[in-house]
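Before any comments, here is the structure.
Since this is a predicted model, take the numbers as computed values, not measurements. All residue numbers refer to positions in the sequence shown, counting from 1. Just so you know, ligand 1 is whichever comes first in the structure, and atom 1 is the first atom listed for that ligand.
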Amino acid sequence: MKNIAIFASGSGSNAERIVEYFAESEQINVKLFLCNNPEAGVIQRAERLQIPLIMFDRPAFKSGEVVKILQENQIDWVILAGFLWLVPKNVVEAFPNKIINIHPALLPKFGGKGMYGHFVHEAVVENEETESGITIHFVNECYDEGGIIFQVSFPVLKTDMPEDVARKGQVLEHTHFPEVIERTILAST
Ligand code: GRF
């Protein structure tokens with residue numbers, strides 16, 4: 001059984017989809033949520049889904065305390081599902097090619113520091129892009145720069161507002177993220 005921990009800073013809709021997807025899995029177990037934002041909606045989702053959730057702050061992330069928690073819980077893979085902080089070196093080194101992130105654009109476009117959530121979709125509309133999409137990638141010490149695992153695009157219409165782009169992207173995230181995680185984990189065992 002491979003144990004995964006999901007890091008989230010926001011609503012947690014992807015985290016919930018992943019829990020649902022692996023609910024009956026014999027090979028992959030969603031063991032833990034970790035959260036860095038006391039206002040995050042994912043906190044309520046964890047309660048409802050009965051998944052243990054651990055809050056942490058920047059010092060704990062940088063000091064190795066979060067890695068210690070992951071190791072004590074026999075976590076094998078770390079999934080970032082709407083997690084906004086840069087992952088520090090001590091975490092990346094403890095889980096080499098075992099940290100997966102989802103970004104709501106076609107990286108390398110519209111990625112990097114500060115490019116998250118509505119900022120991404122506003123930039124896509126601002127740039128009059130005719131398509132956008134999602135990217136699932138391995139995480140290294142730089143924002144959104146790890147090896148790309150999966151991308152899928154969707155058309156952006158002239159009439160689309162940022163929230164339309166966000167909605168189209170989330171549908172694809174909820175459809176693809178869990179199965180891409182599964183394929184990636186099972187391919188590496
Ligand atoms: C998603 O759009 C994801 O691409 C980005 O943050 C958002 C998380 O949404 N990384 P949710 O918290 O999973 O609903």
Side-chain angles (χ1 to χ4, degrees), residues 4-23 30 32-49 51 53-56 61 77-88 91-92 95 98-126 129 131-156 160-182 184:
I4 65 178
I6 301 179
F7 283 58
S9 307
S11 156
S13 71
N14 277 286
E16 177 152 6
R17 273 292 302 124
I18 294 165
V19 168
E20 284 166 356
Y21 184 90
F22 291 112
V30 180
L32 203 50
F33 280 6
L34 286 100
C35 182
N36 61 338
N37 169 14
E39 313 295 312
V42 70
I43 297 167
Q44 283 68 42
R45 289 188 201 260
E47 278 160 29
R48 178 163 44 79
L49 295 165
I51 303 272
L53 179 140
I54 297 175
M55 297 299 298
F56 68 95
F61 210 23
W77 287 78
V78 171
I79 307 299
L80 309 184
F83 181 70
L84 297 185
W85 288 354
L86 189 63
V87 178
V91 182
V92 173
F95 291 89
K98 293 273 193 308
I99 307 175
I100 300 174
N101 181 46
I102 188 164
H103 184 75
L106 294 170
L107 291 176
K109 295 175 84 169
F110 307 109
K113 190 168 171 50
M115 287 307 278
Y116 60 88
H118 65 90
F119 296 113
V120 174
H121 311 308
E122 283 160 12
V124 164
V125 170
E126 194 84 11
E129 297 289 328
E131 67 168 9
S132 189
I134 63 169
T135 303
I136 297 170
H137 64 94
F138 287 111
V139 168
N140 61 25
E141 286 110 71
C142 310
Y143 274 118
D144 302 327
E145 286 185 12
I148 290 178
I149 302 170
F150 174 83
Q151 283 188 314
V152 62
S153 64
F154 57 82
V156 176
D160 276 347
M161 304 294 285
E163 50 272 22
D164 300 309
V165 178
R167 181 173 31 76
K168 292 182 193 177
Q170 280 252 308
V171 168
L172 291 175
E173 291 174 357
H174 294 170
T175 306
H176 293 289
F177 200 11
E179 61 195 26
V180 170
I181 290 167
E182 182 177 51
T184 305

How about Arg45 and Ser13: does a side-chain donor come under 3.5 Å of a side-chain acceptor? no
Report the nearest protein non-hydrogen atom to atom 9 (O) of ligand 1: residue, atom name, distance rounded to 0.1 Å. Gln170 NE2, 3.2 Å
If the test is side chain to side chain contact (heavy atoms under 4.5 Å, CB included), which one of Val78, Ile79, Leu80 qualifies with Asn101? Leu80
Look only at interatomic distance and state if His103 has a nitrogen or oxygen under 3.5 Å from any nitrogen or oxygen of ligand 1. no
Quick one: nearest non-hydrogen protein atom to atom 6 (O) of ligand 1, plus distance? Gly82 CA, 3.3 Å
Would you compute the distance between atom CD of Glu179 and atom OG1 of Thr184 and round it to the nearest 0.5 angstrom? 10.5 Å
Lys168 and Asp160: CA distance, side-chain angles, deciding distance, salt bridge (Lys or Arg N to Asp or Glu O under 4.0 Å) verdict: CA-CA 10 Å; Lys168 292 182 193 177; Asp160 276 347; 2.5 Å; yes
Tell me the protein heavy atom at minimum distance from atom 10 (N) of ligand 1, and give that distance in Å. Ile102 O, 3.0 Å
Under 4.0 Å from one or more heavy atoms of Glu173, ligand 1 contributes atoms 1 (C), 2 (O), 3 (C), 4 (O)
Going by the atom numbers of ligand 1, which of them fall below 4.0 Å from some non-hydrogen atom of Ser11? 12 (O), 14 (O)
Atom 12 (O) of ligand 1: which protein heavy atom is closest, and how many Å away? Gly12 N, 2.7 Å
If you measure only the distance, is there a donor-acceptor pair under 3.5 Å linking the side chains of Glu173 and Asn14? yes
Enclosure of Met161 CE (heavy-atom neighbours >12, cutoff 6.0 Å): no
Any idea which protein heavy atom is nearest atom 14 (O) of ligand 1, and the distance to it? Ser13 OG, 2.5 Å
